[in-house]
Amino acid sequence: EVIDKAVEPKQEDDSQKIRGVIDKAVERYSQTWKKQEDNCQKLRFHLTSKCNGLDRAVVTQNSTPVDSEISYNGLKKTLKVTPELFSTFIKEHPFSNKTLDTCAVVGNGGILINSSCGETIDSAQFVIRCNLAPLGNGYEKHVGIKTDLVTANPSIFVERYEALNGRRRPFVEDLRSYGNSLLLLPAFSYSSKTILSVRAIYTIEDFESPIRPVYLNPEYVESLLLFWRSQGLRETRLSTGLTMVSLALELCNNVHLYGFWPFSHHPHDRHNLTNHYYDDIKPKVFHAMPAEFDLLMRLHSQGVLRLHLGDCP
Ligand code: CDP
């Protein structure tokens, strides 16, 4: 129900604005949700014509031949595709001509703690997770285990796996819980991330891990940023979560969101929340999360996707 005035936002300078977003969200969420087929189709049509994630979200050997150039996101810098780099690209686009029924996009918010949403999440046909969020250790009941696609920001390899310069087995063992899902690497935001991503792919190959690494296409990322800006979002960089929601909106007829709540208090009983369901590390890059959340809430109200902020039955 209602959030009172005691809510403390994470970014104090924006506190007024954030309180407004929260109040509005709680009010909108209290209204009965109904899917609106017209709005879904309209948004999908626009996303497909501007961004075309089903054919462009991932770098493939078809789209990016040897000697072509890859542009880093938002930078003038380019990278020439060598035969070695090319050999790490997937052959065909994994989503071409695909339409799925129900997809769950799992954000990493602390709101998932004790939500009992694991089963509901796992019942989706396609489950997308972010940044190699941990699944075992008692989290399963609340976040589920099924994974069809998981993202990995290469900075994780530095933070958790010594940049894959030392022993690499712990990394491969942690990948086990994601089975043979796609591992989506945003390798072309900075050159340091390309090197780390290639190292991760070589590790996966050398240890014969079943996970299927693919690169997020920087052109797709760029087009998404322009698209959401044209819809009123003022941002210089999209979060992993919004990028995955955008992909799901093209790929799936029904899009359900869990773990999206970038505020420090629970919307229902106002208890304190950690930033992630597995730790309380605050975001390094502040992605204007409340603005993104406001956008997601708007899409929820329009019946385009369904946000889940409460506990599951
Ligand atoms: O890489 P990034 O910082 O964007 O992501 P993360 O912290 O690993 O979380 C994955 C995604 O979950 C974020 O990009 C957000 O969209 C969402 N999230 C949220 O809505 N609320 C939170 N408290 C934490 C994450």
Side-chain angles (χ1 to χ4, degrees), residues 3 7-11 14 18 21-22 25-26 29 73 103-115 117 121 127-135 139 142-144 147 149-160 174 178 183-190 193 196-197 216 221 224-225 228 233 235-249 255-268 270-300 305-310:
I3 294 212
V7 168
E8 274 174 24
K10 289 201 172 88
Q11 301 288 315
D14 277 342
I18 294 176
V21 173
I22 295 176
V26 172
Y29 193 73
N73 278 140
C103 297
V105 186
V106 188
N108 289 337
I111 194 171
L112 279 169
I113 295 171
N114 292 328
S115 66
C117 284
I121 291 172
V127 180
I128 301 179
R129 302 184 188 271
C130 300
N131 287 328
L132 294 177
L135 300 178
Y139 295 128
H142 308 294
V143 307
T147 308
L149 186 158
V150 60
T151 70
N153 190 327
S155 59
I156 296 172
F157 307 143
V158 178
E159 287 151 21
R160 299 189 205 161
D174 284 353
Y178 311 100
L183 176 71
L184 185 59
L185 300 156
F188 303 110
S189 46
Y190 300 104
K193 298 203 172 185
L196 284 163
S197 301
L216 181 62
V221 174
L224 281 180
L225 183 62
W228 290 119
L233 185 73
E235 251 194 280
T236 48
R237 222 183 175 91
L238 302 183
S239 76
T240 308
L242 182 56
T243 308
M244 291 304 98
V245 170
S246 311
L247 181 62
L249 285 169
V255 177
H256 293 262
L257 268 47
Y258 302 84
F260 284 82
W261 181 255
F263 308 107
S264 51
H265 289 73
H266 198 284
H268 293 317
R270 287 167 271 130
H271 69 265
N272 268 309
L273 291 174
T274 49
N275 183 40
H276 295 138
Y277 69 80
Y278 49 89
D279 70 29
D280 198 17
I281 297 175
K282 308 283 188 250
K284 272 194 223 95
V285 190
F286 185 60
H287 305 289
M289 279 302 186
E292 280 197 6
F293 182 81
D294 199 36
L295 168 68
L296 296 176
M297 197 70 228
R298 204 164 79 208
L299 298 173
H300 171 92
L305 52 75
R306 185 162 191 182
L307 263 167
H308 294 266
L309 300 179

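As the structure lists them, so they are numbered: ligands from 1, and atoms in each ligand from 1.
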Quick one: which ligand 1 atoms are inside 4.0 Å of a heavy atom on [X]?
{"X": "N275", "answer": "22 (C), 23 (N), 24 (C)"}
{"X": "G241", "answer": "11 (C), 13 (C), 14 (O), 16 (O)"}
{"X": "G259", "answer": "18 (N), 19 (C), 20 (O), 21 (N)"}
{"X": "C130", "answer": "10 (C)"}
{"X": "P262", "answer": "21 (N), 22 (C), 23 (N)"}
{"X": "G107", "answer": "12 (O)"}
{"X": "H276", "answer": "6 (P), 7 (O), 8 (O)"}

Considering distance alone, does some N or O of [X] sit under 3.5 Å from an N or O of ligand 1?
{"X": "G109", "result": "no"}
{"X": "S239", "result": "yes"}
{"X": "W261", "result": "yes"}
{"X": "N108", "result": "yes"}

Residue of the set L184, N153, T240 for which side chain to side chain contact (heavy atoms under 4.5 Å, CB included) holds with L216: L184
Y278, OH: over 12 other non-hydrogen atoms inside 6.0 angstrom: yes
Within-shell test, M289 vs ligand 1, heavy atom, strictly < 4.0 Å: yes
Y178 side chain vs L132 backbone, donor-acceptor pair below 3.5 Å: yes
Under 3.5 Å: donor-acceptor pair, side chain of T151, backbone of N131: yes
Test side-chain contact (heavy atoms from CB on, under 4.5 Å) applied to V143 and R129, step by step: CA-CA 10 Å; V143 307; R129 302 184 188 271; 4.2 Å; yes
Aromatic plane relationship, H271 with H266 - under 30° parallel, 30 to 60° tilted, over 60° perpendicular: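 Parallel.
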Inter-residue atom distance L247.CG - L224.CG, 0.5 Å rounding: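 Those atoms lie 8.5 Å apart.
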Candidate with minimal heavy-atom separation from atom 8 (O) of ligand 1, of T240, L273, N131, D279: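 When every heavy atom of T240, L273, N131, D279 is considered, N131 comes closest to atom 8 (O) of ligand 1.
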Residue of the set W261, Y29, Y258, F260 for which ring pair (Phe, Tyr, Trp, His ring centres under 6.0 Å) holds with H308: Y258
Smallest separation among heavy atoms of N275 and D280, with atom names: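 N275 and D280 have their closest heavy atoms at N-OD1, 2.7 Å.
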